[in-house]
Amino acid sequence: MSPILAQAAERPSKIVNPLVLQRADPQVFRHDDGYYYMMASVPEYDRLAIRRARTLAGLATAEEAVVWRRPESGRMAGYIWAPELHHFDGQWHIYFAAGNGDDKFHIRTYVLSCPDTNPLTGKWSLNGQLETPWDTFTLDSTTFVHRGVRYLCWAQHEPGIDTNSNLYLAPLATPTTLAAQPARLTVPTYDWETIGFKVNEGPALLARNGRLFLTYSAAATDYHYCMGMLTVRDDADIMDPASWIKSPEPVFKSSPAHNVWGPGHNSFTIDENGRDMLVYHARDYKEIQGDPLFDPNRHTRVQPIQYTADGIPDFGEPVANGPLV
C-alpha cells in the first residue's frame, strides 16, 4: 500500500460514538508531532497501552501498543488505573495509579518515563512514586503549564478529612516531586458529589477565554457519576483555593434521553478543524449487575464543546450513539 493510501486508511471519515469500546478514564491529546495519543484504563486493570492516529476518528481502529504490564506480585501488582501520557523535559511520562499485589486498593501514583521519540515503541522505565505529603490513596494525576510553570493536579485522600478523595494542586520540581506544599482545591460536599462515595477525582484542565476551567468527576462510578467544574481567572493566584469558584451543580451528567449513563473522567483535546472536544467515558445502560468497578462497558466518547456568551464552556448533555454531527 502506498503511503498516501495507508494514511487514508488510517482516517475514518467521521467520528462514531462510542469512539473506543471498553476504555475508561480516557485521555486524548494532540501532540506537536501531529498525532493524537490515547491512554485509558482497560477492564482487566493490568496494563498500560497507548494508541495513536492522525485523526480523532482514527483512534477507533488504531492498534494499541502495550508499553508496561503489572508485575505478578508485590508493589504495583494490583489494580492499574487511569494513565495519562505527557511530554515535557525532553521525555515522555506516564502518570498512573497502581495497587499492590497483596492489597489491590493500596492505590498510589507512579511515573514511567521514556526518552525516545515514539512512545509506542520506545523504552519505558519506572521513574518512581509520586511524593506527596501523605502516604495515602492517590490517583488521577494530570499536568499542565500555566504562565511558564508546570503544575500537577491529582486526587488524594487526606488524613483527617472524611472523604474518599479531594483535588490538590502543586507546581512540579521533577516528574515525581512537588516544588511547594499542595493546595487543596475542592472537597466533595454537594449531595451530587457524595452519592455512594465522597469523591472528587479525574481532574482535567481547559484554558480558554482568560480563565482556567478545571473539570473533575464525582460520586460512585455508576449512573450517578458526573462532572463538576472549578473556574479561576488566568491572572489569579491559582495556588490560592479562594481564587477558584466551584459550580454548585454538575456541568455534565447522565442523559436518559440519549441513553448515556455515568459520564465522567474526562480530558480535553482539539479536533482537526480546531474545535475544542470533550473526551469522556460512559455506559450505554443505567442498571449494573454487581460492582460497577467490574462492569467493563465504560466506553470512550467524544463531542464538541460549546461556549456561552460569557466564554464559559457549555458541555450540554452526552450525545447519543452514532456518527457525530
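All values reported here derive from a predicted model rather than from experimental measurement. We use all heavy atoms of the structure for the numbers below, so side chains are in, but hydrogens, waters and symmetry mates are not.
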[X] (side chain) donor-acceptor with [Y] (main chain) under 3.5 angstrom:
{"X": "Asn17", "Y": "Val302", "value": "yes"}
{"X": "His93", "Y": "Ser113", "value": "no"}
{"X": "Asn118", "Y": "Leu120", "value": "yes"}
{"X": "Ser247", "Y": "Glu249", "value": "no"}
{"X": "Thr163", "Y": "Lys198", "value": "no"}

Closest heavy-atom contact between [X] and [Y]?
{"X": "Pro175", "Y": "Val111", "result": "O-CG2, 3.7 Å"}
{"X": "Ala49", "Y": "Met39", "result": "O-CE, 3.5 Å"}
{"X": "Pro263", "Y": "Ala282", "result": "CA-CB, 3.9 Å"}
{"X": "Leu21", "Y": "His299", "result": "CA-ND1, 3.5 Å"}
{"X": "Ser41", "Y": "Pro83", "result": "N-CD, 3.9 Å"}
{"X": "Thr109", "Y": "Tyr95", "result": "CG2-CD2, 4.3 Å"}

Is there a side-chain contact between [X] and [Y] in this structure, where contact means two heavy atoms from C-beta onward sitting under 4.5 Å apart?
{"X": "Arg23", "Y": "Arg298", "answer": "no"}
{"X": "Leu293", "Y": "Tyr45", "answer": "yes"}
{"X": "Ile270", "Y": "Arg275", "answer": "no"}
{"X": "Ile107", "Y": "Leu139", "answer": "yes"}
{"X": "Glu63", "Y": "Arg51", "answer": "no"}
{"X": "Trp261", "Y": "Ser255", "answer": "no"}
{"X": "Leu56", "Y": "Arg30", "answer": "no"}
{"X": "Thr189", "Y": "Thr194", "answer": "no"}

Rounded to the nearest 0.5 Å, what separates atom [atom1] in [X] from atom [atom2] in [Y]?
{"X": "Gln22", "Y": "Arg283", "atom1": "CD", "atom2": "CZ", "result": "10.5 Å"}
{"X": "Asp140", "Y": "Cys153", "atom1": "CG", "atom2": "SG", "result": "10.0 Å"}
{"X": "Ile94", "Y": "Ser141", "atom1": "CD1", "atom2": "OG", "result": "13.0 Å"}
{"X": "Leu172", "Y": "Leu152", "atom1": "CG", "atom2": "CG", "result": "4.5 Å"}
{"X": "Tyr110", "Y": "Leu48", "atom1": "OH", "atom2": "CG", "result": "13.0 Å"}
{"X": "Ser267", "Y": "His281", "atom1": "OG", "atom2": "NE2", "result": "11.5 Å"}

Inset, instruction - Could you go through the salt bridge (charged side-chain N to carboxylate O under 4.0 Å, His left out) check for Arg301 and Asp284 one step at a time? - result: CA-CA 11 Å; Arg301 308 170 65 88; Asp284 298 335; 3.5 Å; yes
Legend entry - side-chain contact (heavy atoms from CB on, under 4.5 Å) partner of Phe268, chosen from Val28, Leu278, Val279: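 Running side-chain contact (heavy atoms from CB on, under 4.5 Å) over Val28, Leu278, Val279 with Phe268 returns exactly one hit, Leu278.
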[X], [Y]: one ILVMFWY side-chain cluster at the under-4.5 Å cut-off?
{"X": "Leu324", "Y": "Leu19", "result": "yes"}
{"X": "Leu126", "Y": "Trp81", "result": "no"}
{"X": "Ile288", "Y": "Val260", "result": "no"}
{"X": "Met229", "Y": "Ile305", "result": "yes"}

If we ignore angles and hydrogens, is there a donor and acceptor under 3.5 Å between the side chains of [X] and [Y]?
{"X": "Glu158", "Y": "Thr136", "value": "no"}
{"X": "Asn100", "Y": "Arg108", "value": "no"}
{"X": "Gln156", "Y": "Asn166", "value": "no"}
{"X": "Asn266", "Y": "Thr215", "value": "yes"}
{"X": "Asp295", "Y": "Tyr285", "value": "yes"}
{"X": "Glu84", "Y": "Thr142", "value": "yes"}
{"X": "Thr186", "Y": "Asn200", "value": "yes"}
{"X": "Tyr225", "Y": "Glu201", "value": "yes"}

Can you list the residues that meet the ring-ring contact (aromatic ring centres under 6.0 Å, His included) rule with [X], with sequence neighbours excluded?
{"X": "His87", "answer": "His31, Trp92"}
{"X": "Tyr280", "answer": "Phe252"}
{"X": "Phe294", "answer": "none"}
{"X": "His86", "answer": "none"}

Legend entry - Distance flag, aromatic centroids of Tyr36 and Phe29, threshold under 6.0 Å: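 Ring-ring flag for Phe29/Tyr36: false, centres at least 6.0 Å apart.
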Inset, instruction - Step through it carefully: locate the ring centre of Phe96, locate the ring centre of Trp68, and say whether they are under 6.0 Å apart. - result: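 Yes, the ring centres sit under 6.0 Å apart.
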Within 6.0 angstrom of [X] [atom1], more than 12 heavy atoms from elsewhere:
{"X": "Asp191", "atom1": "CG", "answer": "no"}
{"X": "Ile161", "atom1": "CD1", "answer": "yes"}
{"X": "Asp162", "atom1": "CG", "answer": "no"}

Inset, instruction - Any chance you could pull the hydrophobic cluster mates of Val325, using side-chain heavy atoms under 4.5 angstrom and chaining through other members? - result: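 Val325 shares its hydrophobic cluster with no other residue.
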Inset, instruction - Kindly give the cluster partners of Ile238, where membership spreads through any ILVMFWY side chain lying under 4.5 Å from a current member. - result: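 Listed partners: Phe144, Val149, Tyr151, Leu167, Leu169, Leu185, Tyr190, Trp192, Leu205, Leu212, Leu214, Tyr216, Leu230, Val232, Met239, Trp244.
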Using the test salt bridge (Lys or Arg N to Asp or Glu O under 4.0 Å), find all partners of [X] that sit at least two apart in sequence or belong to another chain.
{"X": "Arg208", "answer": "Asp276"}
{"X": "Glu44", "answer": "Arg47"}
{"X": "Glu193", "answer": "Lys246"}
{"X": "Arg150", "answer": "none"}

Inset, instruction - Please name all residues satisfying side-chain hydrogen bond (donor to acceptor under 3.5 Å, both in side chains) with His157, sequence neighbours left out, ordered by chain then number. - result: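 Checked His157 against side-chain hydrogen bond (donor to acceptor under 3.5 Å, both in side chains); zero matches.
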Legend entry - Under the side chain to side chain contact (heavy atoms under 4.5 Å, CB included) test, residues paired with Asp235 that sit two or more places apart: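 Only Arg147, Arg233 meet the side chain to side chain contact (heavy atoms under 4.5 Å, CB included) criterion with Asp235.
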Legend entry - Arg54 to Tyr35, cation-pi by 6.0 Å centre distance and 45° axis angle: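 So Arg54 does make the cation-pi contact.
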